Structure formats: C-alpha cells, structure tokens
Amino acid sequence: MQTLLLKKDEVRRLIGMTEVIDAVEEAYKAFNSDQVEQPDYIGIDLPSPRGEIDFKLGYYKANEVISMKASSGGFVDNPTAHGVPNGMATIFLFDARSGALICVMDGSLILGLRTGASGAVSVKALARKDARKITSVGTGNQARMQIRAINEIMKIEEIHAWDNNRDTLFKYKTDIESEYGIPVIMANSKREAVEQADILITTTRGKGSLVEADWVKPGTHIVAIGTDQRGKQELDPELFRNAKLVVDSISQCTEKGETWHPLDRNIITRSDIHGEIGEVLLGRKPGRESDDEITIFDSTGMAIQDNTTASKIYQNAAANNVGTFFQFFE
C-alpha cells in the first residue's frame with residue numbers, strides 16, 4: 001500500500017464548487033442517517049499574537065474512510081515571522097478497513113470550499129425563493145467563498161457589504177464585481193447593510209454582538225459562520241427569540257456555536273432548536289414555512305464535511321493520475 005500526497009494546487013484542480021455543494025449535502029444527510037461517527041472536536045486557543053488550532057475527526061460508514069483535519073487560523077504574524085500563511089489546514093484520510101493512511105492533502109482550500117458550500121446548502125433549504133439581495137458582514141476570504149457558493153445556486157442581484165476596515169471592504173467590492181459581475185454596495189454602517197438583506201452572511205472573528213435583532217427584517221435568512229468556539233459571537237441573542245433555528249450539529253452548536261449565547265441567557269431552550277440541517281434535507285423536518293419567517297443557520301463546521309469533500313478529491317486524483325505516491329509503511 002502507498003500513500004498519496006496532494007498539494008494545494010493539485011487539490012484546486014481536482015474539485016469544483018458544484019461538487020463540493022453536493023458533497024456537503026451528502027455529509028449532512030449522512031450525519032442524520034446513522035452513517036457517521038464524529039467525536040467532539042478539540043480547539044486550542046494559543047496566546048496572542050497566535051490564534052487557534054482545531055482538530056476534527058470523522059468516520060463515514062458508507063465510504064469506509066476516516067478523516068482527520070488539523071486547521072489553524074488567526075496567526076497574524078505568520079507571513080512575516082515564519083514565512084507561512086496566517087491560517088493553514090491539513091487533512092489525513094485513513095482506510096477504515098485497515099487503519100492505513102491512504103492520503104495526505106492540503107486542507108486549506110477544502111476548509112474554505114466546504115464552509116462556503118454549507119452556506120449555499122442552507123440557502124437552498126431555508127431562504128425565500130425570491131431572495132436576491134445578500135448582505136455580508138465581514139469581507140475576508142470566507143465572505144468571498146460564501147458568494148462563490150451561493151452564486152452557484154441562485155441569482156444574486158446585489159450585495160451590501162460592511163467591514164470595519166474600509167480598505168478591505170473596497171478590495172472585496174473590486175474583487176467580487178470583477179469576478180462575478182455582481183454590484184457591491186459599500187455600507188456606511190452595519191445597520192445600513194443588514195436592513196437590506198434577504199440573506200445575511202456573517203463571517204467575522206467577532207467577540208461580541210455585531211448584528212442587532214431590530215435591524216433584521218422579516219423573511220431574512222441568516223448564515224452564521226464565524227462562531228465556532230466559546231468567546232466568539234456575531235448575533236444579538238434576542239434574534240433567536242422569534243426565529244427558526246437550524247444547526248449543523250446540535251451538540252456542537254449548543255456548546256461552541258452562536259446558539260450557545262441565547263441558551264446561556266435563557267432566551268431559548270434546547271427544545272426551541274428546530275433541528276439539524278440534515279433532518280431538513282431528508283424531509284424529516286420542514287424548512288421555511290412562510291415568507292415572513294426569520295431563519296438562522298448556525299454552522300460550526302463538521303468533520304463529515306471534510307470527509308465527503310476530501311474523499312471526492314481523493315477519488316478524482318486516482319481517476320486522473322494526480323498527486324505523488326510515497327511508501328509510508330515498511
């Protein structure tokens with residue numbers, strides 16, 4: 001047995017966003033079909049100016065693959081001090097039948113792609129069918145990836161964007177308009193941006209409430225991406241009082257996601273969570289039931305998303321003879 005090594009550029013060539021969206025849908029359905037074993041992930045916060053590193057492990061019974069991902073972010077000094085990116089990820093794939101390591105691949109692109117795809121999957125399941133305007137609070141790499149994915153599944157007429165860094169906001173506008181031809185309106189305030197949203201995307205490293213409840217109009221779908229550890233927050237907990245809340249994983253979101261905040265303040269109880277998105281995709285629970293509903297998708301990210309996406313890349317690599325095999329086992 002040999003192990004396959006896939007570098008970032010090779011990974012980029014081996015999968016497109018449409019395939020990733022399909023892989024993420026498969027992951028959510030598998031999670032709610034007794035096909036997945038997924039222990040709680042481990043996150044370590046390191047002292048400033050370093051950031052955090054997360055470890056996520058998952059076993060998918062249908063493909064007999066175990067995946068393990070290590071991902072880091074927020075290491076702001078990395079480019080100058082260490083000559084590496086401020087965020088990185090690596091994925092290991094193991095054959096569950098033997099325990100053998102079958103693939104090592106760069107996971108930084110997969111992390112961005114599958115997180116973007118998760119937003120698109122939630123839009124398909126929960127947004128109004130006539131939704132056309134997107135608001136992005138935060139304009140970094142993941143904000144771009146959300147647009148890339150959602151643009152695959154709906155017609156976006158305009159984007160309202162806010163960032164606390166005006167230069168970053170202007171670059172986002174330039175990049176999005178150049179790549180997708182979608183007009184981007186740079187908002188003067190968060191409130192101004194949020195009030196325009198049919199779909200609101202939050203992709204910050206926020207440490208407090210960025211979006212107030214009374215800014216959000218009826219019928220808005222919220223894609224909450226940034227909160228995946230205690231201490232992070234993007235949404236006013238009052239938003240959850242009268243919204244339909246769908247999560248990727250109840251166990252993760254109640255402990256580490258945006259959902260933790262309204263639970264902690266007794267604004268909602270665990271029974272107020274409508275369900276996991278896999279349940280909605282499988283038809284076991286309804287999605288949007290009226291045009292006036294405010295829906296929230298709380299996404300903490302799951303190992304099974306890495307598993308299905310990386311497994312597809314591994315299959316594509318084998319089919320197209322991409323990557324480098326090496327002898328790992330004696």
Side-chain angles (χ1 to χ4, degrees), residues 1-42 54-71 88-122 124 145 148-149 152-153 248-249 252 276-278 281-282 299-329:
M1 167 156 320
Q2 290 191 312
T3 303
L4 180 63
L5 174 65
L6 293 171
K7 298 180 181 179
K8 186 173 184 177
D9 187 57
E10 292 167 330
V11 170
R12 182 181 287 109
R13 288 158 38 204
L14 287 167
I15 199 162
M17 182 56 85
T18 301
E19 276 186 303
V20 179
I21 292 171
D22 290 343
V24 169
E25 281 202 48
E26 178 186 354
Y28 288 145
K29 290 177 181 177
F31 183 69
N32 289 106
S33 300
D34 196 31
Q35 288 293 306
V36 175
E37 289 188 27
Q38 182 177 278
D40 289 343
Y41 70 85
I42 300 169
D54 296 333
F55 300 89
K56 294 184 178 180
L57 178 70
Y59 165 44
Y60 185 17
K61 298 174 186 177
N63 66 11
E64 289 293 0
V65 169
I66 296 168
S67 62
M68 182 174 71
K69 183 187 72 182
S71 61
M88 294 170 283
T90 306
I91 293 177
F92 304 88
L93 298 181
F94 300 86
D95 185 335
R97 295 164 298 185
S98 65
L101 178 65
I102 56 175
C103 188
V104 179
M105 69 175 73
D106 181 276
S108 53
L109 183 61
I110 295 171
L111 174 60
L113 284 168
R114 65 85 156 151
T115 305
S118 70
V121 171
S122 82
K124 285 204 292 182
M145 200 65 81
R148 178 177 172 184
E152 291 283 333
I153 56 103
D248 55 6
S249 161
Q252 287 186 183
E276 293 172 329
I277 194 164
L281 295 172
L282 289 165
S299 172
T300 48
M302 298 199 297
I304 187 59
Q305 295 169 256
D306 302 318
N307 188 306
T308 54
T309 306
S311 294
K312 182 61 179 175
I313 290 167
Y314 176 71
Q315 292 164 13
N316 290 347
N320 293 281
N321 197 30
V322 175
T324 305
F325 281 98
F326 62 97
Q327 195 72 37
F328 189 67
F329 302 100

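This is a predicted model, so every value here is computed, not measured.
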Subject >> Side-chain donor or acceptor of S33 paired with backbone N/O of Q35 under 3.5 Å >> reply: no
**OP:** Using a strict 4.0 Å threshold on nitrogen-to-oxygen distance, state whether K7 and D9 make a salt bridge.
**Re:** no
Original post:
Which heavy-atom pair separates M145 from G112 by the least distance, and what is that distance?
Top reply: CG-O, 2.8 Å
Original post:
What closest approach, in Å, do S311 and V65 show between heavy atoms, and which atom pair accounts for it?
Top reply: OG-CG1, 3.7 Å
**OP:** Flag the pair C103 / F92 as yes when at least one side-chain heavy-atom distance between them is below 4.5 Å, and no otherwise.
**Re:** no
Original post:
At their closest point, which heavy atom of I304 faces which heavy atom of A27, and how far apart are they?
Top reply: O-CB, 3.6 Å
Original post:
Rounded to the nearest 0.5 Å, what separation is found between the OG1 atom of T324 and the CG atom of L6?
Top reply: 8.0 Å
**OP:** Over all heavy atoms of both residues, which pair between S299 and Y28 is shortest? Give the atoms and the distance, please.
**Re:** OG-OH, 4.5 Å
**OP:** First locate atom CZ of R12, then atom CD1 of I110, and finally report the distance between them rounded to the nearest 0.5 Å.
**Re:** 11.5 Å
**OP:** Check for a donor-acceptor pair, side chain of N320 on one end and backbone N or O of N316 on the other, with a separation under 3.5 Å.
**Re:** yes
**OP:** With side-chain contact (heavy atoms from CB on, under 4.5 Å) as the test, would you mind laying out the steps for K312 and I15 before giving the verdict?
**Re:** CA-CA 8 Å; K312 182 61 179 175; I15 199 162; 4.0 Å; yes
Original post:
Between atom CZ of R114 and atom CG of N307, what is the distance when rounded to the nearest 0.5 Å?
Top reply: 11.5 Å
Original post:
With a 4.5 Å limit on heavy-atom distance, are the side chains of M302 and Y41 in contact?
Top reply: no
Original post:
Can you check side-chain contact (heavy atoms from CB on, under 4.5 Å) on L93 and I66, steps first, answer last?
Top reply: CA-CA 6 Å; L93 298 181; I66 296 168; over 6 Å; no
**OP:** Go through the steps to decide whether L281 and V121 satisfy the test side-chain contact (heavy atoms from CB on, under 4.5 Å), and finish with yes or no.
**Re:** CA-CA 9 Å; L281 295 172; V121 171; 3.8 Å; yes
**OP:** Give the intermediate values and the outcome of side-chain contact (heavy atoms from CB on, under 4.5 Å) for residues L113 and T309.
**Re:** CA-CA 9 Å; L113 284 168; T309 306; 5.6 Å; no
Original post:
Below 4.5 Å, heavy atoms only, C-beta onward: do L14 and V322 meet side chain to side chain?
Top reply: yes
**OP:** Quick one: pull up OG1 in T115 and CG in L111 and give me the separation to the nearest 0.5 Å.
**Re:** 4.5 Å
Original post:
Roughly how far, to the nearest 0.5 Å, is the NZ atom of K8 from the CG atom of D106?
Top reply: 6.0 Å
Original post:
Does a donor on one side chain and an acceptor on the other come within less than 3.5 Å for D54 and S71?
Top reply: no
Subject >> Taking every non-hydrogen atom, the tightest pair across T308 and Q305 >> reply: OG1-O, 3.3 Å
**OP:** May I ask you to decide if M1's main-chain N or O and Q327's side chain share a donor-acceptor pair within less than 3.5 Å?
**Re:** yes
Original post:
Going by atom types alone, do E64 and Y59 pair a side-chain donor with an acceptor below 3.5 Å?
Top reply: yes
Original post:
In terms of heavy-atom contacts, does NZ of K61 have more than 12 from other residues, nucleotides or ligands at under 6.0 Å?
Top reply: yes
**OP:** Compare all side-chain heavy atoms of K56 with those of I42 and state whether any distance is below 4.5 angstrom.
**Re:** no
Subject >> Contact check, side chains of D248 and S118, non-hydrogen atoms, under 4.5 Å >> reply: no
Original post:
Side chains of I102 and L4: does their closest heavy-atom pair fall under 4.5 Å?
Top reply: no
Original post:
Can you name the residues that form a side-chain hydrogen bond (donor to acceptor under 3.5 Å, both in side chains) with K69, not counting sequence neighbours?
Top reply: D306
**OP:** State the CZ-CD distance between F31 and E276, to the nearest 0.5 angstrom.
**Re:** 5.0 Å
**OP:** Could you tell me whether the side chain of T90 reaches within less than 4.5 Å of the side chain of V104, counting heavy atoms only?
**Re:** yes
Subject >> Heavy-atom pair of closest approach, residues N32 and G278 >> reply: OD1-CA, 3.1 Å
Original post:
Are E26 and Y60 close enough that some pair of their side-chain heavy atoms sits under 4.5 Å apart?
Top reply: yes
